[in-house]
Amino acid sequence: MPTSKKVEPKKAAGTEEGAAPKKGAQPIQTTRGMRDILPIDQPHWQRIAEVFQAMARDYGFERIDTPMVEDASLFVRGVGKVTDIVEKELFQWETPGGEHVALRPENTASIVRAYVQHGMLNQPQPVRLWYKGPFFRYDRPQAGRFRQFFQGGFEVLGEADAVIDAQLILISYNILRELGLDPIVKVNSLGTPESRANYKNALVAFFRSKKNKLTEDDKKRLLKNPLRLLDSKEEHMQELKAEAPQIVDWLDEESKTHFMRVLEYLDEAQVPYQLDPYLVRGLDYYTKTVFEWFAASDDQELAQAALGGGGRYDGLTELLGGRPTPAAGFALGLDRVVSRLKDLHPNTTTQVRKVDVFLAQLGEVARKKALVLFEEFRKAGIPVGEAFAKASMKGQMEAANKHGAKWAIIIGQKEVMDGTAILRDMDAGTQEIVDIKKAVHEVKKKLGHISPQA
RNA sequence: GUGGCCAUGGUGAAGGGGUUAUCACAGCGGGUUGUGGUCCCGUUAUCAUGGGUUCGAAUCCCAUUGGCCACCCCA
């Protein structure tokens with residue numbers, strides 16, 4: 001683990017087999033940066049899963065799942081040694097066998113690894129892949145920032161044309177729109193590694209000339225990753241940035257044309273975007289197009305408000321030992337999307353399944369009848385509810401109500417004797433006696449599943 | 001990684017050293033053991049954990065755990 005701090009292990013209550021929780025023991029909580037996704041939030045996650053699946057199908061992307069644990073060097077090489085993601089946020093450890101492994105902090109490196117490893121370059125190009133799953137970064141948690149978080153993304157490998165970049169932006173736009181968000185994308189181009197290097201030199205030269213205005217932190221970044229100075233949020237940098245050379249002016253001809261074409265496609269597809277010359281992104285593998293998504297209606301300006309991002313990474317395949325292969329992709333931060341959805345549709349109560357008919361019973365024999373009758377309704381495809389564990393009629397009727405049942409079937413001792421059941425209309429409050437063997441049939445009739453004379 | 005704020009029932013809050021810890025919502029039980037959505041009643045917290053100060057701590061101090069904010073960075 002990246003931390004060297006020695007921490008006393010938590011006193012876990014009742015860890016020992018059969019031991020009662022010790023008085024005064026620290027309650028067990030999720031470990032830092034980890035969280036539960038509770039039933040109440042599941043509808044949002046499901047909705048996202050559906051939209052991703054539909055979008056993948058429509059645009060011809062195939063699902064891929066890569067392992068959560070990879071050789072740490074994959075990320076060191078792929079994401080970049082001096083990036084924060086690798087330098088301080090990698091969940092990594094030595095296995096008992098001495099392998100140096102890490103929990104995936106993002107998926108692009110893994111996908112490129114899989115592309116190379118499985119010879120996907122022999123498939124019709126481009127290869128379109130999508131994924132969804134948990135990722136891990138060992139940083140300090142904040143709202144919308146967890147150590148385990150979920151991303152869903154789309155990647156296109158084996159095609160260099162600008163239309164791909166634009167289409168990926170369009171797809172991510174469609175996903176966010178489909179979910180009811182009002183997103184806006186910031187775009188920039190980082191050019192080729194060569195043009196970027198030239199720009200970097202110019203930038204370093206510029207900031208050197210302003211050295212007296214830089215903080216210690218800035219100076220460190222100037223040495224390590226000068227591009228990062230551009231998206232600093234600190235006050236004093238804002239004026240400096242305005243005078244600094246802009247990357248667009250340093251782009252080579254091809255990157256410039258590529259970028260122009262991406263923007264033209266976006267105009268054509270009416271995707272709202274914002275040019276952001278300071279958008280550089282924290283991963284080393286990006287070339288040419290980069291973009292990041294934000295919610296347009298966002299006035300609270302949280303520091304970690306990006307919904308997702310992506311870009312082109314033409315050099316990554318080669319970097320990981322494959323043949324040079326142009327590629328691009330994006331990932332959306334699902335936790336943040338969910339948090340937006342929750343703002344939009346606050347769910348205050350746990351959902352209870354809506355049923356057509358509810359079975360109420362009184363007494364042990366009636367309960368047995370009801371248990372069997374439940375199976376019959378279920379097999380007949382009629383949504384049915386029960387509260388067999390409750391003994392009181394009142395409690396069961398309350399439950400029927402919560403389930404929104406239109407009909408209730410009541411079986412008591414008397415009905416068991418007669419072989420009947422009471423069929424109650426929950427809205428009207430009227431009830432009639434039916435043969436218990438025909439209960440399913442009667443409910444079907446009431447629901448209009450079969451014509452009355454049948 | 002740096003600096004700061006915070007932690008009270010399931011949830012949201014009140015209480016800022018003194019005897020039964022307050023409110024709302026949700027939950028559960030009940031209102032003459034056979035009938036719901038309204039209403040009424042009851043019930044639900046060793047005040048995150050450990051230690052310290054004190055006659056006395058939910059309240060003050062320290063540590064731990066967790067959350068949050070800014071930076072860093074990103075999703």
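So that the names make sense, note that chain A is the first sequence line, chain B the second, and so on, each numbered from 1. Only heavy atoms go into these numbers, but all of them, side chains included; no hydrogens, no water, no symmetry mates.
- With its glycosidic angle within 90° of 0, B/rG16 adopts the syn conformation.
- Using a 3.5 Å distance cut-off with no hydrogens or angles, the side chains of A/Ser110 and A/Glu70 do pair a donor with an acceptor.
- Within the 4.0 angstrom heavy-atom criterion, only backbone atoms of the sugar-phosphate kind lie near A/Leu307; the bases stay farther away.
- For B/rU8 and B/rG4, the C1' atoms lie 23 Å apart once the distance is rounded to whole Å.
- One interatomic measurement links the two molecules: NZ of A/Lys342 to P of B/rU11, which rounds to 13 Å at whole-angstrom precision.
- Taking a pair to require two hydrogen-bonding distances under 3.5 Å in either a Watson-Crick or a G-U wobble arrangement, B/rA70 pairs with B/rU2.
- Using a 4.0 Å cut-off, no side-chain N or O of A/Thr30 falls inside it from OP1 or OP2 of B/rG66.
- An aromatic stacking contact links A/Phe149 with the base of B/rA75, defined here by ring centres under 5.5 Å apart and ring planes under 30° from parallel.
- For B/rG27, one of the phosphate oxygens OP1 or OP2 lies less than 4.0 angstrom from a side-chain nitrogen or oxygen of A/Lys402.
- If you run side-chain hydrogen bond (donor to acceptor under 3.5 Å, both in side chains) between A/Thr108 and each of A/Tyr131, A/Tyr313, A/Tyr286, A/Tyr285, only A/Tyr285 comes through.
- Within 4.0 Å (heavy atoms only), A/Gly363 reaches no atom of the nucleic acid at all.
- When distances are taken from the side chain of A/Glu398 to each of B/rU35, B/rG37, B/rG34, the shortest belongs to B/rG37.
- Rounded to the nearest Å, the gap between the P atom of B/rC69 and that of B/rA13 is 14 Å.
- When distances are taken from the side chain of A/Arg145 to each of B/rG66, B/rG37, B/rA75, the shortest belongs to B/rA75.
- A donor-acceptor pair shorter than 3.5 Å can be found between the side chains of A/Gln361 and A/Gln396.
- Nucleotides B/rC47 and B/rC39 have their C1' atoms positioned 33 Å apart, rounded to a whole Å.
- Comparing B/rG34, B/rG66, B/rA75 by their nearest atom to the side chain of A/Arg137 picks out B/rA75.
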message: I'd like to know whether A/Glu376 forms a side chain to side chain contact (heavy atoms under 4.5 Å, CB included) with A/Val372, so could you lay out the CA-CA distance, the side-chain angles of the two residues, the decisive distance to 0.1 Å, and finally the verdict.
response: CA-CA 7 Å; A/Glu376 284 174 34; A/Val372 173; 4.0 Å; yes
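- Nucleotides B/rA7 and B/rA63 place their C1' atoms 15 Å apart, quoted to the nearest Å.
- B/rA57 and B/rG50 have their C1' atoms separated by 15 Å, given to the nearest Å.
- Between A/Ile40 atom CD1 and B/rG12 atom P the separation is 12 Å, expressed in whole Å.
- Closest to the A/Ala143 side chain, of the nucleotides B/rG34, B/rG36, B/rC69, is B/rC69.
- Here the side chain of A/Ile422 is nearest to one of B/rG66, B/rG30, B/rG34, namely B/rG34.
- The separation between A/Arg35 atom CZ and B/rG67 atom C1' is 13 Å, rounded to whole Å.
- Taking atom CG on A/Leu38 and atom P on B/rU11, their separation rounds to 10 Å, with Å as the unit.
- The main-chain N or O of A/Gly144 is found under 3.5 Å from a side-chain atom of A/Arg336 such that the two form a donor-acceptor pair.
- Taking 4.0 angstrom as the limit, A/Gln142 places a side-chain polar atom (N or O) nearer than this to OP1 or OP2 of B/rA70.
- Residue contacts for A/Gln148: at a heavy-atom cut-off of 4.0 Å it reaches no nucleic acid atom on any strand shown.
- The nucleotide B/rG17 finds no pairing partner, because no Watson-Crick or G-U wobble arrangement with both distances shorter than 3.5 Å includes it.
- Between A/Trp293 and A/Tyr173, the ring planes are parallel. Angles under 30° get that label, and only those over 60° would be called perpendicular.
- Base pairing annotation: B/rA7 forms a Watson-Crick or G-U wobble pair with B/rU65, both donor-acceptor distances under 3.5 Å.
- Between A/Phe146 atom CZ and B/rG67 atom C1' there is a gap of 11 Å when expressed in whole angstrom units.
- To the nearest angstrom, C1' of B/rC72 lies 14 Å from CZ of A/Arg147.
- Between the side chain of A/Arg140 and the base of B/rC69, no donor-acceptor pair under 3.5 Å is found.
- We find that CG of A/Leu423 is positioned 14 Å from C1' of B/rU35, with the value rounded to whole Å.
- Among the heavy atoms of the strands lying under 4.0 Å from A/Gln431 is at least one base atom, whether or not backbone atoms are also near.
- Taking the P atom of each, B/rU43 and B/rU59 are spaced 27 Å apart, rounded to whole Å.
- Remark on RNA chain B: of its neighbouring residues A/Pro141 and A/Glu415, the 5'-side contact belongs to A/Glu415, judged by nearest-heavy-atom nucleotide.
- With P as the reference atom, B/rG66 and B/rC28 are 33 Å apart, rounded to whole Å.
- Nearer to the 5' terminus of RNA chain B, by closest-nucleotide assignment, is the contact made by A/Met34 (compared with the other of A/Asp139 and A/Met34).
- Side-chain proximity of A/Lys394 to the nucleotides B/rU65, B/rC73, B/rG30 is greatest for B/rG30.
- Counting non-hydrogen atoms under 4.0 angstrom, A/Gly152 reaches nothing in the nucleic acid.
- Closest contact between the side chain of A/Met393 and the listed nucleotides B/rA75, B/rG34, B/rU65 involves B/rG34.
- Comparing B/rA24 with B/rG16, their C1' atoms sit 22 Å apart, to the nearest whole Å.
- A cation-pi arrangement is absent between A/Lys132 and A/Phe150 under the rule of less than 6.0 angstrom and at most 45 degrees off the ring axis.
- In this model, no side-chain donor or acceptor of A/Gln396 finds a partner on the base of B/rU35 within 3.5 Å.
- A donor-acceptor contact shorter than 3.5 Å links the side chain of A/Arg104 to the backbone of A/Thr66.
- Evaluation of atom-type donor-acceptor distances gives no pair under 3.5 Å for the side chain of A/Lys88 against the base of B/rC73.
- Straight-line distance from the CG atom of A/Asn401 to the P atom of B/rG36: 10 Å, rounded to whole Å.
- Under the 6.0 Å distance and 45° angle rule, A/Arg137 does not count as a cation-pi partner of A/Phe91.
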